[in-house]
Amino acid sequence: MALADATLPQLAKGLNKCVAWFGGVTRYAKFDNLAQVVKRSCRYEPIFTEMIQQWAMYYGIGLLAARVRKPRDKPHVENEVKLVYQRIYAPLRDRVFFSLAELNAAIEGQLHQHHNEPFRQETFNRRQLFESQEKPLLAALPATLYRVEAQGPGESMPGLPRHSGRRLASL
């Protein structure tokens with residue numbers, strides 16, 4: 001999904017679109033130390049931004065961060081990124097889009113085509129594999145998608161953990 005910018009509300013919109021696309025939520029979400037997601041990277045206890053913590057609590061997802069400069073931790077993800085560029089973005093590279101909605105519609109069309117293409121030397125495709133083996137493991141989505149609440153700087157929702165240096169305090 002193409003987003004207008006990399007702000008937290010746009011990131012939440014993209015993540016919501018992701019869980020809606022899958023039709024459920026996973027137990028964990030692993031992020032690649034994106035500045036909007038991970039405040040401080042640590043091998044054992046990374047510190048995530050407040051909005052991502054709220055998003056994860058809303059869906060009941062555990063947050064994980066990939067180790068910095070450790071591509072061995074995520075080789076299957078790196079391969080999928082390569083496939084996405086080859087099969088989704090490359091066919092669209094010569095087209096001109098006049099709106100974000102038009103671009104997202106084209107990306108979604110390429111995504112459907114990619115997921116419905118059979119694996120080599122197999123009789124099934126990515127969509128069928130997902131629906132038969134992975135989708136039953138997803139937790140159900142809440143009735144409504146997560147919505148970013150407008151908050152002033154330094155404000156926190158009651159009951160959420162708040163990091164103060166190295167200590168964790170609950171408000």
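Hydrogens, waters and symmetry mates play no part in the numbers below; they use all other heavy atoms, side chains included. Positions are given from 1, in the same order as the sequence printed here.
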Give me the atom names and distance for the closest heavy-atom approach of Gln110 to Arg87. NE2-O, 3.1 Å

Do you know which two heavy atoms are closest between Ala65 and Val38, and how far apart they sit? CB-CG2, 4.2 Å

Quick check for you: to the nearest 0.5 Å, what is the distance between Leu3 atom CG and Thr7 atom OG1? 8.5 Å

Worked verdict on Met1 versus Asn104 for side chain to side chain contact (heavy atoms under 4.5 Å, CB included): CA-CA 6 Å; Met1 171 177 199; Asn104 281 327; 3.9 Å; yes

For residues 14-26, which residue pairs pass the side-chain hydrogen bond (donor to acceptor under 3.5 Å, both in side chains) check, not counting sequence neighbours? Asn16-Trp55, Asn16-Tyr59

Is there a donor-acceptor contact under 3.5 Å from the side chain of Glu102 to the main chain of Phe98? yes

d(Phe124 CZ, Asn116 CG) to nearest 0.5 Å is 14.0 Å

Apply side chain to side chain contact (heavy atoms under 4.5 Å, CB included) to Phe130 and Leu138, showing your working. CA-CA 11 Å; Phe130 170 74; Leu138 297 177; 3.8 Å; yes

Atom pair CD (Glu108) and NE2 (His115), whose distance is rounded to the nearest 0.5 Å: 11.0 Å

Looking only at heavy atoms, what is the nearest atom pair of Gln36 and Ala6, with distance? NE2-O, 2.8 Å

All heavy atoms of Ala66 vs all of Asp32, minimum pair found to be CB-OD1, 3.9 Å

Leu34: which of Leu11, Thr49, Ile52 passes side chain to side chain contact (heavy atoms under 4.5 Å, CB included): Leu11

Using a cut-off of 6.0 Å, state whether more than 12 heavy atoms not belonging to Glu122 lie near its atom CD. yes

Nearest-0.5 Å distance that lies between atom CD1 in Ile47 and atom CD in Gln53: 9.0 Å

For Leu103 and Ala2, work out which heavy atoms get closest and say how close. CD2-CB, 3.5 Å

Worked verdict on Phe22 versus Lys135 for side chain to side chain contact (heavy atoms under 4.5 Å, CB included): CA-CA 7 Å; Phe22 289 126; Lys135 193 167 184 174; over 6 Å; no

Measuring only between side-chain heavy atoms, which start at C-beta, is Tyr28 closer than 4.5 Å to Leu63? no

Quick one: are Ile107 and Phe97 in side-chain contact, heavy atoms under 4.5 Å? no

Heavy-atom count around Arg127 CZ within 6.0 Å, excluding the residue itself: above 12? yes

What are the two closest non-hydrogen atoms of Thr144 and Tyr58, and how far apart are they? O-OH, 2.6 Å

Report yes if some heavy atom in the side chain of Leu83 is under 4.5 Å from a heavy atom in the side chain of Arg126; otherwise report no. yes

Taking it one step at a time, do Tyr146 and Met57 satisfy side chain to side chain contact (heavy atoms under 4.5 Å, CB included)? CA-CA 10 Å; Tyr146 174 78; Met57 284 175 51; over 6 Å; no

Membership question, hydrophobic clusters at under 4.5 Å side-chain separation (ILVMFWY): are Leu64 and Phe48 in the same one? no

Counting N and O atoms only, with roles assigned by atom type, does the side chain of Asn125 sit under 3.5 Å from a partner on the main chain of Pro118, one being a donor and the other an acceptor? no

Which residues share a ring pair (Phe, Tyr, Trp, His ring centres under 6.0 Å) with Tyr89, sequence neighbours left out: Tyr85

